[in-house]
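To start, the structure under review is shown below, and the notes come after it.
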Amino acid sequence: MSLLDLHKKYLNEEYDENGNVKKLTFNVPQDFNYAYDVVDVLGRETPDRRAMLWIGNDGEEKSFTFADISRESSRAAAALVNNGVKRGDKVLLVLKRHVESWLCILACHKIGAVAIPATNLLGSHDILYRLRAADISAVVCTPDSGFPTRVDEAEKEFGKTLVKLVAHSDAYPGWKNLSTEMDSAPEFVPPAERNSVLDPMLIYFSSGTTGMPKMVEHNYAYAIAHIPTAKYWHRVIPDGLHMTVAESGWGKYVWGKLYGQWFMEAGIFAFDFDRFDAKTMLSLLEKYRITTFCAPPTIYRFFIKENLAAYDLSSIRHATIAGEALNPEVLEQFRSATGLVIHEGFGMTETTCTIMNPYWITPRPGSMGKPSPAYEVTILDENGKEAIPGVTGEIAIKLPPEGELLPGLFNGYCSDPEKTAEARRGGWFHTGDTAWKDEDGYFWFVGRGDDLIKSSGYRIGPFEVESVLIEHPAVLECAVTPYPDPTRGLVVKATILLAPGYAPSEELKKEIQTYVKTHTAPYKYPRVVEFVDALPKTISGKVSHTVIRDADFAKYRELHPEWK
C-alpha cells in the first residue's frame, strides 16, 4: 500500500454536503519521523516512482526516484554521524537548491539532529549570530559565493570547532567534501531509540520588522501538518511535477518542496538557478510540463510583463501564490493570459498554511481565502475581542488546550520565553498581521500591525495603496511606507521601480498620483514618490519596508531635529 493511502491514517477529515473538507484534525504517532515514516516507506512501497526532477543552472538534468532519495539521505546521515553529528545537535544547512539540501535535511531527521536552514546571502556577522544563538555544532553548505570562507571567519569568533562539510568542492582547507564523505562513511544505522514527535526537528531564524531574528522551533508533527498545504492548496497529484519557487534557506521550501508534496507522492521540480529570469522560467514550465505551480507575487509580476501567449502553459492545472499579499490586478492579468485563477495562501514561519483558497472554492480577487480546515482563525480587535465583519484587526489562531498538540504551530521562540508568551496569550497565537473578513468569511490582508500608516486621523494599510499602484503600467514593483510631514504627522510615500520602457519624470509622478486618487480613496494617494533602480529586499526576497522607512526617518531627523 502506498503512502497516498497510508497518509490517511494521519488525518480525520469531515466533509460538507458537497464533498469538500470542512474540518480536519490530525492523528499524530508519538514517535513520528517524516524521513522514516514517509520517505523510507515510499522508497520501499513505490521505489520507482519519480520523486524529483532536478535541473541545474547550466541545463544539467537529474531524476531521482523515492528509492534514490531514501538511500541517498541515509548515506548523507552516515556522513554526518561519521563526522560526529549526533541526536540533538544543531546543524546549519546552507545548500541553495542543490540536491544535497533535500538529502541533508532528511539526514538530520534520521539522526535526530535539528536542521537549521539558511541562505548563502548571509554575511559572517549574520553567521556568527546564528552560531551563538543556536549553539550550532555543524555546517553543511554550498561553496557558492565563497560561503565557507565566511563561516571560517565567524568560527574564529565563535570559539568552538565546527563540523564542516561542503558540497561539490575540495578547495577549502578545514572543510570535507560532502560527496567524498558519503562515499567513505560506514552504512548508516538508525538510532535504536526513535525521537518523540515533540522533539525539536527544525529551527528557522525569522526576521521581523524590529530586533534580531527570532529562532522559530518546530517539532516533528510539523511535517504532518503540511499534508493540507499540498493536498488542498497546491492540489498536487501523483506522477505530476510540482514547482515551488523557493530557495532552501527559507520556510517556503519545506511548504512547497518537501513535506506535503511527498506525502502526496507528487514529483518535485527543482531548478537550481542563480539569478531569476522570467523568460527562462517560463520556458522551463513549458518544456517540462509542470502540473502545479507556486511562487511569490514578485515572480507573477515579472511573468505578466512578458508575452505569456508565446509560452504553452497548458500543463499547469493549478497555480498558487504566497509570501506577500496578492495584488488583484496581477491575478486578473495572469488569468486573462493563461486561464488560471491563482489561489492565494497565508501563513508564517511559525505556522503552516493557515488561511488559504483551497481548490474547491472560488477565490475572490485580493482575498487570502478562508481558514484552513485544520485551524480556527479569527480577527481580534484592539480589545482582544473577535471583530465583526468589515473591521480591521489582528489575525489570530486558536491555541489548543494546555498540554495538547496542534501540529503545524511552532513550539516557541528558542531561548526567548517572553516573546513566546507575548505571541501566545489569551488562548490565541497573535500573528502581528492585520486583516478584515467579509460577511462570507473571506479574509482580506491589510498589513503588518506596525506598518499601518496613521495620517491626519486615517489608518492606511500599505498593501491597499500598493495594489492600486501596481495596476499602473509604469510600475513594476513598489513599496508604500510612512513619510514624516510637519502638518499631517505622516503621509504616504511610494518607492517605485519602473517597468522597462519608462523613465522617471515629474509628469510620470503626477500621473501615478492621479491614478491612485481616482482608483481608491483620495486620502490614500502617495504625496511623496521616489523612483529607484532597485528595492531593498529581505533575505527571504520580500521588499523591506522597514529599510525604506528607517532611512527616510533618519534623513528627515537630520534636517528637522525637533521631529519625533
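No hydrogens, no waters, no symmetry mates; every other heavy atom, side chains included, goes into these values.
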Original post:
Strictly under 6.0 Å, is that where the ring centroids of Tyr10 and Phe263 end up?
Top reply: yes
Subject >> Heavy-atom side-chain proximity of Asn12 to Asn27 below 4.5 angstrom >> reply: yes
**OP:** Report yes if the side chains of Val114 and Leu202 come closer than 4.5 Å at any heavy-atom pair, otherwise no.
**Re:** no
Subject >> Pair Asp438, Trp444: side-chain N/O donor-acceptor within cut-off below 3.5 Å >> reply: yes
**OP:** Report yes or no: do Ser248 and Lys96 form a side-chain donor-acceptor pair below 3.5 Å?
**Re:** no
Original post:
With a 4.5 Å limit on heavy-atom distance, are the side chains of Ile224 and Val28 in contact?
Top reply: yes
Original post:
Counting N and O atoms only, with roles assigned by atom type, does the side chain of Trp233 sit under 3.5 Å from a partner on the main chain of His343, one being a donor and the other an acceptor?
Top reply: yes
Original post:
Would you say Asp416's side chain and Tyr413's backbone share a donor-acceptor pair under 3.5 angstrom?
Top reply: no
Subject >> From NZ (Lys398) to OG1 (Thr354), nearest 0.5 Å >> reply: 16.0 Å
**OP:** Could you check Asn120 against Thr142 for side chain to side chain donor-acceptor pair (under 3.5 Å), going step by step and ending with a plain yes or no?
**Re:** CA-CA 8 Å; Asn120 71 313; Thr142 176; 5.9 Å; no
Original post:
Going by atom types alone, do Thr434 and Glu394 pair a side-chain donor with an acceptor below 3.5 Å?
Top reply: no
Original post:
Can you tell if the side chain of Glu14 reaches within under 4.5 Å of the side chain of Leu24, non-hydrogen atoms only?
Top reply: no
Original post:
Do Asn411 and His218 have side-chain atoms, one donor and one acceptor, less than 3.5 Å apart?
Top reply: no
**OP:** Only one of Phe293, Tyr288, Trp54 passes ring pair (Phe, Tyr, Trp, His ring centres under 6.0 Å) with Phe269; say which it is.
**Re:** Tyr288
Original post:
Is the Lys NZ or Arg CZ of Arg97 less than 6.0 Å from the centre of Phe273's six-membered ring, within 45° of the axis?
Top reply: yes
Original post:
Is a side-chain N or O of Asp312 found less than 3.5 angstrom from the main chain of Ser314, in a donor-acceptor match?
Top reply: yes
Subject >> Any donor-acceptor pair under 3.5 Å from Asn33 side chain to Arg194 backbone >> reply: no
Subject >> Ser367 side chain vs Tyr442 backbone, donor-acceptor pair below 3.5 Å >> reply: no
Subject >> side-chain contact (heavy atoms from CB on, under 4.5 Å) between Val140 and Leu92, intermediate numbers included >> reply: CA-CA 6 Å; Val140 187; Leu92 186 68; over 6 Å; no
Original post:
Can you tell me how far the CG atom of Asp68 sits from the OG atom of Ser63, to the nearest 0.5 Å?
Top reply: 7.5 Å
Original post:
Are the ring centres of Tyr253 and Trp102 closer than 6.0 Å?
Top reply: yes
Subject >> Evaluation steps, ring pair (Phe, Tyr, Trp, His ring centres under 6.0 Å), between Tyr259 and Tyr34 >> reply: CA-CA 8 Å; Tyr259 295 135; Tyr34 179 81; 4.9 Å; yes
Original post:
When you measure from the side chain of Thr351 to the backbone N and O of Gly347, does any donor-acceptor pair fall under 3.5 Å?
Top reply: no
**OP:** Flag this pair as yes if the NZ/CZ of Arg130 is under 6.0 angstrom from the six-membered ring centre of Phe205 and inside a 45 degree cone about the axis; otherwise no.
**Re:** yes
**OP:** Give a yes or no on whether the backbone of Phe32 and the side-chain of Asn195 come within a donor-acceptor separation of less than 3.5 Å.
**Re:** yes
**OP:** Step through the shown structure and confirm whether more than 12 heavy atoms of other residues, nucleotides or ligands are within 6.0 Å of CD on Glu61.
**Re:** yes
**OP:** Test Asp274 against Asn57 for side chain to side chain donor-acceptor pair (under 3.5 Å), laying out the working first.
**Re:** CA-CA 7 Å; Asp274 289 324; Asn57 197 44; 3.1 Å; yes
Subject >> From NZ (Lys214) to OG (Ser415), nearest 0.5 Å >> reply: 14.0 Å
Original post:
With ring centroids as reference points, do Phe276 and Phe302 lie under 6.0 angstrom apart?
Top reply: yes
**OP:** Have a look at His234 and tell me which of His226, Gln261, His318 forms a side chain to side chain donor-acceptor pair (under 3.5 Å) with it.
**Re:** Gln261
Original post:
Sequence neighbours excluded, which residues qualify as side chain to side chain donor-acceptor pair (under 3.5 Å) partners of Glu13?
Top reply: Tyr15, Lys231, Tyr232
Subject >> Between Ser70 and Arg44: side-chain donor-acceptor atoms closer than 3.5 Å >> reply: no
**OP:** Starting from the C-alpha separation in whole Å, work towards a yes-or-no answer on side-chain contact (heavy atoms from CB on, under 4.5 Å) for Thr119 and Trp250.
**Re:** CA-CA 7 Å; Thr119 172; Trp250 64 299; over 6 Å; no
Original post:
Judged by atom type as modelled, is there a donor-acceptor pair below 3.5 Å linking the side chain of Thr431 to the main-chain atoms of Ile395?
Top reply: yes
Subject >> Salt bridge flag under 4.0 Å for residues Arg71 and Asp40 >> reply: no
**OP:** Take Leu178 and Met182 through the side-chain contact (heavy atoms from CB on, under 4.5 Å) test and state the conclusion after the steps.
**Re:** CA-CA 6 Å; Leu178 177 60; Met182 288 172 63; 4.0 Å; yes
**OP:** For the pair Ser196 (side chain) and Asp31 (backbone), establish whether a donor and an acceptor sit closer than 3.5 Å, ignoring hydrogens and angles.
**Re:** no
Original post:
Does Arg75 pair with Glu72 as a salt bridge, N-O distance under 4.0 Å?
Top reply: yes
Original post:
Rounded to the nearest 0.5 Å, what separation is found between the SG atom of Cys414 and the NZ atom of Lys419?
Top reply: 13.0 Å
Subject >> Side-chain donor or acceptor of Arg50 paired with backbone N/O of Leu241 under 3.5 Å >> reply: no
**OP:** Report the distance from atom CG of Asn357 to atom CD1 of Ile321, rounding to the nearest 0.5 Å.
**Re:** 11.0 Å
Original post:
Out of curiosity, Phe443 CZ to Glu344 CD, how far, rounded to the nearest 0.5 Å?
Top reply: 13.0 Å
**OP:** Applying side-chain contact (heavy atoms from CB on, under 4.5 Å), run through Phe303 and Leu285 and close with a yes or a no.
**Re:** CA-CA 12 Å; Phe303 278 180; Leu285 292 173; 4.1 Å; yes
Original post:
Side-chain donor-acceptor pair under 3.5 Å between Thr65 and Asp48, yes or no?
Top reply: no
Subject >> Check: Phe410 ring centroid to Tyr204 ring centroid under 6.0 Å >> reply: no
Original post:
Do you see a donor-acceptor pair shorter than 3.5 Å between the side chains of Asp199 and Asn219?
Top reply: no
**OP:** Answer yes or no: is there a side-chain heavy-atom contact under 4.5 Å between Ile237 and Arg317?
**Re:** yes
Subject >> Close side-chain approach of Ile316 and Thr292, heavy atoms under 4.5 Å >> reply: no
Subject >> Side-chain donor-acceptor pair present, Thr291, His242, cut-off under 3.5 Å >> reply: no
